[in-house]
There are 2 protein chains.
Amino acid sequence: MDSRLSGVLHVLLHMAEHEGPATSETLARAMSTNPAVIRRLMAGLREEGYVRSAKGHGGGWEMARPLEEITLADVYRALGSPTLIAMGNRSEQPQCLVEQAVNAALDETMSAAEALVLDRFSEVTLASLSRDFHARMLARGSLSIKDTHNGS
Amino acid sequence: MDSRLSGVLHVLLHMAEHEGPATSETLARAMSTNPAVIRRLMAGLREEGYVRSAKGHGGGWEMARPLEEITLADVYRALGSPTLIAMGNRSEQPQCLVEQAVNAALDETMSAAEALVLDRFSEVTLASLSRDFHARMLARGSLSIKDTHNGS
DNA sequence: TTTTCATGTAACTTGTTTAGTTACAAGATG
DNA sequence: CATCTTGTAACTAAACAAGTTACATGAAAA
């Protein structure tokens with residue numbers, strides 16, 4: 001199952017907590033994955049201007065805009081709007097009228113579900129996710145993000 | 001992409017139009033696929049009692065209940081409730097509080113979308129799909145289902 | 001200027017899932 | 001008993017995300 005959105009949000013919040021630029025290496029360790037995966041995930045966000053990257057000493061990744069100004073819908077689009085719905089039609093543009101009727105019914109429902117998701121995404125900012133994270137940290141009694149992960 | 005629901009609905013409506021039992025062979029031709037695919041698709045529906053199958057001469061597939069009594073939700077469940085949403089979490093039960101916050105936000109949205117789909121499915125019967133199909137047939141001026149497919 | 005660090009990106013491998021295919025056993029009808 | 005049809009397992013093919021490896025590019029430090 002596609003976990004790119006989940007992954008990239010995780011990365012972004014870690015970045016936001018990080019003092020100064022965070023390298024792909026650092027982020028990859030926090031996510032138990034590979035630096036190249038981080039770079040691949042972030043490519044679209046960089047192009048859209050949500051994050052910045054720099055090469056060489058002291059380089060790495062930084063937020064380029066405030067968390068308040070970035071919604072989940074922005075992040076989702078920056079990933080290339082990957083498929084949300086797992087069920088599709090057997091064929092688009094079928095000649096068979098039976099299949100047309102089936103497609104019409106399913107399309108209507110799936111479009112509504114997709115619209116619902118995008119609506120909600122557009123109403124959640126990275127800042128609100130960050131607030132939720134800090135609330136969880138208080139609830140647990142952790143003082144730093146470093147206490148909060150052991151590889152995951 | 002998973003097109004089993006689309007496929008099985010297509011099969012069911014063809015079956016409903018068919019005089020007497022329809023063989024897997026016949027249905028497979030109408031769907032441009034293989035008889036074994038039809039049998040595999042229908043296995044769950046047979047177990048749930050929505051369709052009947054018979055071996056030997058004059059055998060094949062028939063509806064076991066009126067179209068009016070079968071909803072898309074019934075069919076969906078008979079398929080084993082395959083995944084509706086294509087995006088998931090990187091890991092369930094993460095230790096990382098960042099990931100917990102991300103998961104919570106995504107889960108909430110995805111659950112809502114899934115509930116919306118299932119709600120709609122439960123309100124659409126095979127009979128209503130069939131009515132839509134017949135309306136399309138009238139609109140096109142076809143007199144028989146046989147005019148409506150050339151392999152699809 | 002040379003070394004080191006870090007990103008950018010392509011290519012390949014792996015794992016998972018659906019669809020399609022083949023083959024054949026089991027059972028029902030003529 | 002011959003034929004038809006389902007039931008099911010096993011295999012292949014195609015698609016796709018994720019992980020991995022490798023190396024070119026470019027920036028900072030020594």
Side-chain angles (χ1 to χ4, degrees), chain A residues 1-8 10-11 15 18 20-48 51-62 64 76 79-91 151-152, chain B residues 1-8 10-11 15 18 20-48 51-62 64 76 79-91 151-152:
Chain A
M1 183 171 285
D2 185 346
S3 64
R4 280 176 293 177
L5 182 59
S6 170
V8 84
H10 192 172
V11 172
M15 270 178 59
H18 199 271
T23 65
S24 305
E25 172 68 30
T26 300
L27 294 170
R29 253 198 306 272
M31 310 264 304
S32 310
T33 184
N34 196 293
V37 173
I38 304 292
R39 297 189 192 114
R40 194 160 55 194
L41 277 177
M42 305 294 284
L45 286 150
R46 183 184 55 231
E47 278 158 28
E48 297 296 323
V51 301
R52 244 191 314 267
S53 63
K55 295 176 177 172
H57 284 274
W61 299 88
E62 274 181 317
Y76 171 73
L79 284 176
S81 302
T83 305
L84 283 173
I85 303 295
M87 305 195 70
N89 296 324
R90 267 172 33 88
S91 64
S152 89
Chain B
M1 184 172 284
D2 185 345
S3 64
R4 280 177 292 177
L5 182 59
S6 170
V8 84
H10 192 172
V11 171
M15 271 177 59
H18 199 270
T23 65
S24 305
E25 173 67 30
T26 300
L27 294 169
R29 254 198 305 272
M31 310 264 303
S32 309
T33 184
N34 195 292
V37 173
I38 304 291
R39 296 187 194 118
R40 195 160 52 195
L41 276 177
M42 306 293 283
L45 286 150
R46 182 185 54 231
E47 278 158 28
E48 298 297 322
V51 301
R52 241 191 317 267
S53 63
K55 295 175 177 174
H57 284 275
W61 300 87
E62 274 181 315
Y76 170 74
L79 284 175
S81 303
T83 305
L84 283 173
I85 302 296
M87 307 196 68
N89 296 323
R90 268 174 30 89
S91 65
S152 93

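So that the names make sense, note that chain A is the first sequence line, chain B the second, and so on, each numbered from 1.
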Which atom pairs, one a donor and one an acceptor, fall under 3.5 Å between side chains of residues 51-61 of chain A and the rest of the protein, sequence neighbours left out?
{"residue": "A:R52", "atom": "NH2", "partner": "A:M63", "partner atom": "O", "Å": "3.3"}
{"residue": "A:W61", "atom": "NE1", "partner": "A:S24", "partner atom": "OG", "Å": "2.9"}

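A heavy atom lying under 4.0 Å from DNA chain D marks none of the residues of residues 80-88 of chain B.
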Which atoms of nucleotides 12-15 of chain D (N or O only) lie under 3.5 Å from a protein N or O atom, and what are those distances?
none

Are any protein N/O atoms closer than 3.5 Å to N/O atoms in nucleotides 20-25 of chain D? If there are, list each pair with its distance.
{"residue": "D:dT25", "atom": "O2", "partner": "A:K55", "partner atom": "NZ", "Å": "3.4"}

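Applying the salt bridge (Lys or Arg N to Asp or Glu O under 4.0 Å) rule to B:R39 yields no partners; only residues at least two apart in sequence or on another chain are considered. Among residues two or more places apart in sequence or in another chain, the side-chain contact (heavy atoms from CB on, under 4.5 Å) test is passed with B:A43 by B:R46. Considering only residues two or more places apart in sequence or on other chains, A:R40 meets the side-chain contact (heavy atoms from CB on, under 4.5 Å) condition with A:V37. Shown here are the side chain to side chain donor-acceptor pair (under 3.5 Å) partners of B:S6, two or more places apart in sequence or in another chain: there are none. Here A:P82 pairs with A:D2, A:R4, A:Y76, A:L79, B:M87 under the side-chain contact (heavy atoms from CB on, under 4.5 Å) rule; sequence neighbours left out. A:E62 is linked by a side chain to side chain donor-acceptor pair (under 3.5 Å) to nothing, counting only residues two or more places apart in sequence or in another chain. In this view, B:T33 satisfies the side chain to side chain donor-acceptor pair (under 3.5 Å) rule with no residue, not counting sequence neighbours. Annotation: side chain to side chain donor-acceptor pair (under 3.5 Å) contacts of B:E48 (sequence neighbours excluded): none.
Closest to the side chain of B:H57, out of D:dT5, C:dT18, C:dT29, is C:dT29.
Atom P of nucleotide D:dA18 and atom CG of A:L5 are separated by 11 Å, given to the nearest angstrom.
Note on B:S53: a side-chain N or O is less than 4.0 Å away from OP1 or OP2 of D:dG7. In this model, the phosphate group of D:dT6 is approached by a side-chain N or O of B:S24 to a distance below 4.0 Å at OP1 or OP2.
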